[in-house]
J.: 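My questions will all concern the structure given below.
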Amino acid sequence: MAAAALAVAVVGWFVAPNIKELMDWARSYVRSNVVWYTGLPEKLEQLAEALSGINTYVAQSRLGFVVNNEATIRHLWELKDAIHDAEELLDTFQYQILEANLLAAENDRRRSVVGSRESLRELERLLARLHANSRDLFQISQFVVRAKPRPTTGPLRRCSQLFGYEDEYRHLMARLRGGDAKVIAIVGHGGMGKTELAQWAFNDAAANSKDRSFDLCIWVSVYGKFGEDDLLAEIWRSVPNKTNADGLVRASVASIQQALEKKVTQANRYILVLDDVCNDESVEASNQQRRIKTWNTVLAPFKRPRGRGSRILMTTRAEICVKTLGTAAVQTLGAVATARINLCGIDAPAIKGLLKKTASDDGQARLPSELQSALQANVDMLHGSPLAAEIRACRFKPVNRDIEL
């Protein structure tokens, strides 16, 4: 079961919208008014089709499963790497298209060729990798069981020590205590530690009384909530020190807005954490204004605290969510551009420390040499994911060692 849960952290990146973006880029490049190296347009169409197949499968399943086969996990990581290489190759083509268009504007008779024999071969190799590894994704049903709904998160820290992300944490606290950015986004794939970093910042910001402390602290778990009514109801449920909460949760959007606004206007400075903001895929990608309008309604009660320096901290996997909420904050709250902190995984020493602490409970006991070797062997395969490290280390706890080793 530990390996099964591990896969949830490993493949969490799939929910990000970049697969569809790459597919759209590939098709738009084929339609560009440039001279392509022979064979490249056909291969770009094949790339778009391959990405479309992966995107369709992901959209249908939303990867709401766990995997209990470690070979499958490796294939999924290889597929992730192939998609990353596709993005880099498309970036190269974009630059060459721009260069070709500039040259054509300067001299109508001179047309440069976009691509080369080497880029054609690189694209062919990339397609082979995508097909080989996506087959494993499409056949994954034999290893799949439906997962339970994602658990609701809260502000309490699960661990007494923060492993890794020291620089990111300092940067985040500096943003919370000063600067112009009202909205701060923690962005990263699933299992990268976004929620935990937000929990540390939320608790430290709420407890800090040295200067301008936050006197209204709201932590909201918003995964799977997209409409104004659901989002506002969940925010109101999360407001501390209130009365008649149950009645208002079932009340109208207007009633909850008014109740929230009253709380905000009584506060000097608030911090609102929106954990696990996700994209509403039922809304057409082109209908971005509808998403922005939803967040305008949700953020409207947060306009007028008594003092300055209030903050909205969001965690998300999707770039589109950063843009949507950031735009709504500009329109509704007069915020400046959103600040962002990208989480790409913790380094090897931090992974080792987290593995040891989780495996030995307190992290202080000296582990048997064979157990240390077993933990060391897991460092590279975890790809910097704190969640994956914790799940993996649970296999080596004393109660499980006789079974697992």
Side-chain angles (χ1 to χ4, degrees), residues 17 150 152-155 176 181-187 194-195 198 202 205 214 216-242 244-267 269-285 287-306 309-340:
R150 189 173 302 184
T152 300
T153 65
L176 289 176
K182 192 178 188 72
V183 178
I184 306 162
I186 303 176
V187 187
K194 301 181 297 295
T195 296
F202 180 85
F214 296 97
L216 177 59
C217 304
I218 309 173
W219 177 285
V220 194
S221 181
V222 297
Y223 176 77
K225 296 175 177 62
F226 306 113
E228 297 96 332
D229 48 356
D230 287 339
L231 287 164
L232 282 166
E234 191 63 30
I235 291 172
W236 178 251
R237 284 180 57 198
S238 305
V239 172
N241 304 321
K242 61 182 182 300
N244 300 323
D246 290 339
L248 268 180
V249 166
R250 294 187 290 271
S252 67
V253 166
S255 297
I256 298 177
Q257 278 186 318
Q258 291 169 356
L260 277 172
E261 185 178 44
K262 183 177 180 180
K263 283 285 185 182
V264 169
T265 55
Q266 291 172 348
R269 199 170 174 234
Y270 65 78
I271 177 171
L272 170 65
V273 174
L274 301 169
D275 187 43
D276 212 352
V277 179
C278 49
N279 187 37
D280 184 0
E281 294 182 3
S282 67
V283 179
E284 292 283 339
N287 196 0
Q288 179 73 348
Q289 287 305 314
R290 177 175 164 185
R291 296 189 183 99
I292 294 172
K293 184 178 178 181
T294 295
W295 281 107
N296 282 339
T297 302
V298 172
L299 296 181
F302 293 89
K303 289 181 183 178
R304 301 183 186 89
R306 291 202 312 266
S310 294
R311 294 289 184 267
I312 297 173
L313 175 61
M314 67 180 293
T315 72
T316 184
R317 307 179 187 192
E319 179 65 33
I320 192 171
C321 294
V322 180
K323 295 177 181 177
T324 301
L325 202 150
T327 301
V330 170
Q331 294 177 356
T332 306
L333 307 178
V336 298
T338 301
R340 60 180 296 151

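Only heavy atoms go into these numbers, but all of them, side chains included; no hydrogens, no water, no symmetry mates.
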J.: Taking all heavy atoms of C217 and all of F202, pick out the closest pair and write down the distance.
T.: CB-CZ, 3.6 Å

J.: Considering only heavy atoms from C-beta outward, does the side chain of L325 approach that of T316 to under 4.5 Å?
T.: no

J.: Which atoms form the tightest heavy-atom contact between D230 and K225, and what is the distance?
T.: O-CD, 4.0 Å

J.: CG of D275 to OG1 of T195: how many Å apart, nearest 0.5 Å?
T.: 3.5 Å

J.: Taking Y270 for its side chain and P305 for its backbone only, find out whether a donor-acceptor pair lies under 3.5 Å.
T.: no

J.: Could you state the interatomic distance from NZ (K323) to OG1 (T338), rounded to the nearest 0.5 Å?
T.: 11.5 Å

J.: To the nearest 0.5 Å, tell me how far Q331 CD sits from K293 NZ.
T.: 12.0 Å

J.: Can you give me the closest heavy-atom contact between I292 and A328, atom names plus distance?
T.: O-CB, 3.9 Å

J.: For the atom pair OG1 (T324) and CG (N296), what is the distance rounded to the nearest 0.5 Å?
T.: 10.5 Å

J.: Taking all heavy atoms of V220 and all of E234, pick out the closest pair and write down the distance.
T.: CG1-CG, 3.5 Å

J.: Which atom names give the shortest non-hydrogen contact between T294 and G227, and what distance separates them?
T.: CG2-C, 4.2 Å

J.: Do T315 and T153 have side-chain heavy atoms sitting under 4.5 Å apart?
T.: no

J.: Just to verify, what does E261 make a side chain to side chain contact (heavy atoms under 4.5 Å, CB included) with, not counting sequence neighbours?
T.: T265, P301, R304

J.: Could you tell me the separation between the CD1 atom of I218 and the CG atom of L260, rounded to the nearest 0.5 Å?
T.: 6.5 Å

J.: Just so I know, are the side chains of Q266 and K262 near enough to count as touching, which here means a heavy-atom distance under 4.5 Å?
T.: yes

J.: With heavy-atom distances below 4.5 Å as the criterion, would you say the side chains of W219 and I271 are in contact?
T.: no

J.: Given side chain to side chain contact (heavy atoms under 4.5 Å, CB included), test Q257 with E228 step by step and report yes or no.
T.: CA-CA 10 Å; Q257 278 186 318; E228 297 96 332; over 6 Å; no

J.: On a heavy-atom basis, which atom in A339 and which in A181 lie closest, and how many Å separate them?
T.: CB-CB, 3.7 Å

J.: Distance from L232 atom CG to T297 atom OG1, nearest 0.5 Å?
T.: 7.5 Å

J.: Can you name the ring-ring contact (aromatic ring centres under 6.0 Å, His included) partners of W295, sequence neighbours left out?
T.: none

J.: Answer whether the closest heavy-atom distance between the side chains of V298 and I235 falls below 4.5 Å.
T.: yes

